[in-house]
Amino acid sequence: QVRLVESGGASVEAGGSLRLSCAASGYADRYMCMGWFRQAPGKEREGVASIYTAGGGSFSADTVKGRFTISRDNGKNTVYLQMDSLRPEDTAMYHCAADLNVAACLEDTMNEASFKYWGQGTQVTVSS
């Protein structure tokens with residue numbers, strides 16, 4: 001059983017930065033596809049970025065490309081989401097997700113059905 005714990009959410013002003021962290025445990029040192037989804041009130045869940053912990057590139061949604069960067073620290077079993085130039089429309093609950101199947105990282109867009117494991121989420125609020 002994979003367990004994911006997010007941290008780093010906060011309230012910031014537009015133009016500010018935050019770094020979210022997702023610490024993974026319980027997967028016996030296997031490589032995983034890990035990603036971030038977000039959901040704002042009244043909106044559908046959106047895939048933001050994903051990365052395969054064995055390397056080989058990452059994915060970022062068009063809405064965050066150039067502003068958000070996903071990275072990994074395998075030694076700490078942690079994936080990060082660096083969020084710069086934040087906008088009010090980035091306000092959402094951000095969830096970390098993971099799957100042991102690399103296929104989840106190979107799709108053209110992030111499909112939440114492809115991710116088996118989910119964290120509880122961390123709230124990001126951006127004020128104008």
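Only a predicted model underlies this, so the values are computations on that prediction, with no experimental measurement involved.
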message = Here's a test for you: under side-chain contact (heavy atoms from CB on, under 4.5 Å), which of E46, R45, K43 qualifies with R38?
response = E46
key: Interatomic spacing from CE in M34 to CZ in F115 - rounded to 0.5 Å   = 9.5 Å
key: Distance, nearest 0.5 Å, that separates OG of S128 from CD of E13   = 9.0 Å
note = Nearest heavy-atom approach of I70 to G35 is CD1-CA, 4.4 Å
ask   = Are the charged groups of D62 and K65 less than 4.0 angstrom apart, N to O?
value = yes
task = Over all heavy atoms of both residues, which pair between T91 and V126 is shortest? Give the atoms and the distance, please.
result = OG1-N, 2.8 Å
remark   = Distance col, row C33:SG vs Y52:OH, nearest 0.5 angstrom, shows 8.5 Å
task = Show the numbers, then the answer: is there a side-chain contact (heavy atoms from CB on, under 4.5 Å) between H95 and E112?
result = CA-CA 11 Å; H95 292 269; E112 61 180 289; over 6 Å; no
task = Under the side-chain contact (heavy atoms from CB on, under 4.5 Å) rule, what do E89 and T63 come out as? Steps first, then yes or no, please.
result = CA-CA 10 Å; E89 53 264 39; T63 51; over 6 Å; no
request  = Looking only at non-hydrogen atoms, find the nearest pair between D99 and A104 and report the distance.
outcome  = CB-CB, 4.2 Å
remark   = Residues F59 and T109: closest non-hydrogen pair is CZ-CA, 4.1 Å
note = What one should report as the nearest heavy-atom pair of M32 and A24 is CE-CB, 3.9 Å
Non-hydrogen atoms of T53 and Y31 that approach each other most closely = OG1-CA, 3.3 Å
remark   = Rounding to 0.5 Å, atoms OG (S11) and CG (L86) come to a distance of 11.5 Å
request  = State the CZ-OG distance between F37 and S50, to the nearest 0.5 angstrom.
outcome  = 8.0 Å
key: Distance (rounded to the nearest 0.5 Å) between M83 CE and L20 CG   = 3.5 Å
message = Evaluate W36 against V79 for side-chain contact (heavy atoms from CB on, under 4.5 Å), listing each step before the verdict.
response = CA-CA 9 Å; W36 291 92; V79 168; 3.9 Å; yes
